Amino acid sequence: MISLIVLVTVNSALFAQHNFSVEVTGVEPGKGSVFFGLYDKEKGFLDNESQIATAKVKAAENKVVYTFKNLPDGDYAIAVYQDLNNNGKCDRNMIGYPTEGFGFSKNYKPKLSAPDFDEVKIAVNQYAKTSIALIVK
């Protein structure tokens, strides 16, 4: 009987599924969509090919919310941007700085370069949420 309880406990921990809700504020209402990228490791962080999940939410109001569902326990980071002109990418200026609103989990504000995964990761081992205020320059 004890081994059955241990087996059930181990299986529950291995296959735990959680939701991670992301609220984005500072959205320009009625202009394009907000894109969400979810990452689970340092390698490839901020590369589109390394996203484990993505979402696109129409920018109808000054705030949008999206929930990533059924995530296993782990560390996750979010990168978002508002695609004002609906061209499917975050536009940048000549030196590579985004010209459309963008942001990261933990509401991280970059100084001179994009953050490392470890600077913006959030442990998800139960329901988790984060708020991101878009950075607009």
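Quick note: residue numbers are just sequence positions, from 1. Remember, predicted model here, so these are calculated numbers, not experimental data.
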Hydrophobic cluster membership, Val57 vs Val80, 4.5 Å side-chain cutoff: yes
Closest contact, heavy atoms only, Tyr39 versus Ala79: CE1-CB, 4.1 Å
Whether Asp47 side chain and Glu49 backbone form a donor-acceptor pair below 3.5 Å: no
Linked, directly or transitively: Val22 and Val124 (ILVMFWY side chains, under 4.5 Å): yes
Pairwise distance OG1(Thr67) to NZ(Lys129) - rounded to 0.5 angstrom: 10.5 Å
Side chains of Asp73 and His18, donor plus acceptor under 3.5 Å: yes
Atom pair NZ/OH of Lys121 and Tyr76 - distance to nearest 0.5 Å: 13.0 Å
Least distance between heavy atoms, Ser21 atom then Val65 atom: OG-CG1, 3.6 Å
Under 3.5 Å donor-acceptor, Asn107 side chain and Ala133 backbone: yes
Exercise: identify the closest heavy-atom pair between Ser50 and Lys43: OG-O, 4.0 Å
From CG (Leu71) to CG (Asp40), nearest 0.5 Å: 9.0 Å
Residues forming a side chain to side chain donor-acceptor pair (under 3.5 Å) with Lys31, sequence neighbours excluded: Glu28
Donor-acceptor contact below 3.5 Å, side chain Thr99 vs main chain Asp91: yes
Separation of Glu61 CD from Thr25 OG1 (nearest 0.5 Å): 13.0 Å
Path from Phe20 to Phe104 over hydrophobic side-chain contacts below 4.5 Å: no
is_close_aromatic(Tyr66, Phe35), centroid dist under 6.0 Å: no
Atom NZ of Lys109 with >12 non-hydrogen neighbours under 6.0 angstrom: yes
Straight-line distance of Tyr108 OH to Asp116 CG, nearest 0.5 Å: 7.5 Å
Lys63 vs Glu23, salt bridge (Lys or Arg N to Asp or Glu O under 4.0 Å): CA-CA, chis, key distance, verdict: CA-CA 7 Å; Lys63 174 176 81 172; Glu23 176 187 75; 3.4 Å; yes
Smallest separation among heavy atoms of Ser33 and Lys58, with atom names: OG-CA, 3.8 Å
Parallel, tilted or perpendicular, as decided by the 30° and 60° cut-offs, for the rings of Phe36 and Phe68: perpendicular
Taking every non-hydrogen atom, the tightest pair across Ser105 and Ile132: N-CD1, 3.8 Å
Whether Tyr97 and Phe102 hold their rings parallel, tilted or perpendicular, with breakpoints at 30° and 60°: perpendicular
Ile78 vs Val120 side-chain heavy atoms within contact, under 4.5 Å: no
Exam field: side chain Glu100 to backbone Asp83, donor-acceptor pair closer than 3.5 Å: no
Joint cluster assignment, Leu46 & Tyr81, ILVMFWY side-chain distance < 4.5 Å: yes
Exceeds 12 heavy-atom contacts within 6.0 angstrom, atom CD of Glu119: yes
Closest heavy-atom pair and its distance - Asp75, Phe117: O-CZ, 3.7 Å
